[in-house]
> 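Dumping the structure here so I can ask a few things about it.
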Protein chains: 2
Amino acid sequence: MNNNNTTLQKILDEGLHLIQKHGYNGFSYANIAESIGIKKASIHYYFPTKQELVQAVLQRYNKDFLNDLAQIDQKFKDPVDKLKSFFQLYRSALDNSSKLCLCTMMAAEITSFPEEIRTDVNRFFHDNEKWIENVLLQKKSADSSVNPDRIADQSRLVLAIAQGAQLLGRSSGELEQYDSIVNHFLANL
Amino acid sequence: MNNNNTTLQKILDEGLHLIQKHGYNGFSYANIAESIGIKKASIHYYFPTKQELVQAVLQRYNKDFLNDLAQIDQKFKDPVDKLKSFFQLYRSALDNSSKLCLCTMMAAEITSFPEEIRTDVNRFFHDNEKWIENVLLQKKSADSSVNPDRIADQSRLVLAIAQGAQLLGRSSGELEQYDSIVNHFLANL
DNA sequence: GTCTATAAGATGATAGAC
DNA sequence: GTCTATCATCTTATAGAC
């Protein structure tokens with residue numbers, strides 16, 4: 001049928017969850033093993049090293065996230081609705097077990113990774129920025145208040161807000177902090 | 001004369017540096033010992049547990065940071081200049097050895113800490129917000145474009161931008177990313 | 001105060017039986 | 001594929017000599 005319940009998928013799911021919760025340096029093979037009811041050695045069968053595991057988790061996450069953004073494009077026409085959905089996407093990690101975006105967490109721990117993985121983290125941010133730029137360009141067509149020269153900067157600002165608000169919202173344990181920051185920004189857009 | 005070069009101070013300095021660079025879960029007593037040329041056991045003399053160490057590092061950092069904000073207040077009268085200096089303060093961590101704000105890093109690792117330490121992290125953010133609110137209130141007096149009801153939200157937005165931009169700037173290794181985000185925000189203020 | 005020595009446990013990782 | 005057993009290393013932490 002589907003392959004969502006294979007050991008491989010369970011390892012990737014639990015690995016993702018643990019990194020989003022506690023960070024790369026904050027989880028171990030033992031944690032995954034206990035959570036999904038297998039032994040540590042079984043994880044090494046799929047991912048000989050921890051870095052290979054985190055890389056697989058990251059690449060799947062990036063692919064899924066880009067897919068989510070593509071679905072937003074399909075679902076909404078209004079660029080402001082798209083932006084709201086973007087912030088909603090970042091909110092969903094927080095809402096679901098107080099997790100951070102995987103790449104927000106990995107950005108904090110960036111010194112722990114080799115260049116290859118750092119590149120994938122930054123690719124995630126770059127892809128986010130490009131998607132936002134497109135949305136802002138659509139907004140520009142409908143609204144002359146957008147300065148065309150500054151769209152790249154505005155796009156990075158949007159991304160920085162999503163990440164900073166997520167970090168503050170989770171630390172305080174108050175989801176409303178995330179909402180108030182995002183809503184304030186959207187209201188003054 | 002001064003007590004800036006005591007073993008205690010060296011431990012706090014190096015501890016702060018390592019956490020800002022690699023995170024709480026990314027450094028060990030062995031790292032500090034090697035860096036400042038003492039043995040691990042000597043660190044335990046001052047700080048029996050790692051949590052006592054991080055708490056001391058955090059409390060000193062918070063005090064120093066509040067002091068920096070007070071100095072900005074003394075140095076500048078114009079609220080926009082104060083805001084620029086605030087962002088400059090967050091920039092200085094990045095500029096100096098690619099470090100994150102201690103509390104940005106600790107917010108990412110917040111699940112690793114007991115309630116007592118979480119409170120101190122959130123106090124840092126709260127104090128930042130209060131300081132920014134005051135600056136925005138000064139701006140309001142001079143500029144009717146500030147909505148008085150939304151100052152708390154605007155204040156959190158400013159803080160979220162500083163943190164998000166710092167995270168993005170360090171991850172990419174491009175200080176200009178931090179600058180472009182902050183400058184874009186300030187230009188549209 | 002700083003050291004040596006050492007404990008007790010966790011960690012990432014491997015070999016080899018089933 | 002999954003397990004048991006084991007490894008070398010690192011981790012936080014303590015006891016006790018100097």
Side-chain angles (χ1 to χ4, degrees), chain A residues 1-58 60 105-106 109-118, chain B residues 1-58 60 105-106 109-114 116-117:
Chain A
M1 314 260 269
N2 67 50
N3 59 354
N4 273 354
N5 251 0
T6 63
T7 299
L8 178 65
Q9 294 299 319
K10 285 186 200 165
I11 293 170
L12 289 172
D13 289 344
E14 187 61 21
L16 172 61
H17 178 254
L18 287 171
I19 300 173
Q20 287 185 274
K21 262 275 200 197
H22 310 295
Y24 175 76
N25 292 320
F27 88 102
S28 72
Y29 273 41
N31 299 141
I32 295 184
E34 195 182 19
S35 287
I36 67 179
I38 57 173
K39 297 293 169 183
K40 284 193 301 172
S42 303
I43 305 174
H44 282 285
Y45 168 77
Y46 294 96
F47 303 102
T49 70
K50 200 182 180 187
Q51 289 203 341
E52 287 171 88
L53 168 58
V54 73
Q55 195 161 19
V57 166
L58 176 56
R60 192 187 64 155
M105 182 65 88
M106 291 184 70
E109 296 179 297
I110 199 75
T111 64
S112 298
F113 306 116
E115 197 53 42
E116 192 183 2
I117 292 179
R118 294 186 193 197
Chain B
M1 311 262 271
N2 67 52
N3 57 353
N4 275 353
N5 251 359
T6 62
T7 299
L8 178 66
Q9 295 299 318
K10 284 187 200 163
I11 293 170
L12 289 172
D13 287 345
E14 188 60 21
L16 173 61
H17 178 255
L18 287 171
I19 300 174
Q20 289 185 273
K21 261 271 191 197
H22 310 296
Y24 175 76
N25 292 319
F27 88 100
S28 72
Y29 273 40
N31 298 140
I32 296 184
E34 194 182 21
S35 287
I36 67 179
I38 57 173
K39 298 293 168 180
K40 285 191 298 173
S42 301
I43 304 174
H44 282 283
Y45 168 78
Y46 294 97
F47 302 102
T49 70
K50 200 182 178 186
Q51 289 201 344
E52 286 170 270
L53 169 59
V54 73
Q55 194 161 20
V57 166
L58 176 56
R60 191 187 64 157
M105 181 65 89
M106 291 185 70
E109 298 180 296
I110 199 76
T111 65
S112 299
F113 306 115
E116 193 183 0
I117 292 178

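Nothing here was measured: the structure is a model prediction, and the numbers come from that model.
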> Is it the case that the side chain of B/E109 and the backbone of B/N25 share a donor-acceptor pair, with hydrogens and angles ignored and the cut-off at 3.5 Å?
yes
> Whole-Å distance between C/dG1 P and B/K10 NZ?
14 Å
> What's the CD1-P distance between A/I38 and D/dT2, to the nearest Å?
7 Å
> Just N and O in the side chain of A/Y45: are any of them under 4.0 Å from OP1 or OP2 of D/dC3?
no
> Any donor-acceptor pair under 3.5 Å linking the side chain of A/Y29 with the backbone of A/T49?
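The answer is yes, because a donor-acceptor pair under 3.5 Å joins these two groups.
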> For the atom pair CD1 (B/I110) and OH (B/Y24), what is the distance rounded to the nearest 0.5 Å?
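It is 12.0 Å, given to the nearest 0.5 Å.
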> How about NZ on A/K21, more than 12 heavy atoms from neighbouring residues, nucleotides or ligands closer than 6.0 Å, or not?
yes
> Using the side-chain contact (heavy atoms from CB on, under 4.5 Å) definition, which of the options B/I32, B/L58, B/I19 pairs with B/L53?
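Looking at B/I32, B/L58, B/I19, the match for B/L53 under the side-chain contact (heavy atoms from CB on, under 4.5 Å) is B/I32.
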> Indicate whether OP1 or OP2 belonging to C/dC3 is found under 4.0 Å from a side-chain N or O atom of B/S42.
yes
> Does D/dG1 have its OP1 or OP2 closer than 4.0 Å to a side-chain nitrogen or oxygen of A/T7?
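No, because none of the side-chain N or O atoms of A/T7 sits under 4.0 Å from OP1 or OP2 of D/dG1.
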> Taking only N/O atoms, report every protein-nucleotides 11-14 of chain C pair under 3.5 Å with atom names and distance.
unit_1: C/dT11; atom_1: OP1; unit_2: A/S28; atom_2: OG; d: 3.4
unit_1: C/dT11; atom_1: OP2; unit_2: A/S28; atom_2: OG; d: 3.4
unit_1: C/dG12; atom_1: OP1; unit_2: A/K50; atom_2: NZ; d: 2.9
unit_1: C/dG12; atom_1: OP2; unit_2: A/Y29; atom_2: N; d: 3.1
unit_1: C/dA13; atom_1: OP2; unit_2: A/K50; atom_2: N; d: 2.6
unit_1: C/dA13; atom_1: N7; unit_2: A/H44; atom_2: NE2; d: 3.0

> May I have the distance from B/I11 (atom CD1) to C/dT2 (atom C1'), rounded to whole angstrom?
11 Å
> Going from NZ on A/K50 to OG on A/S112, what distance comes out if it is rounded to the nearest 0.5 angstrom?
8.5 Å
> Write down the distance between CG (A/N25) and P (D/dC10), rounded to a whole number of angstrom.
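These atoms are roughly 15 Å apart.
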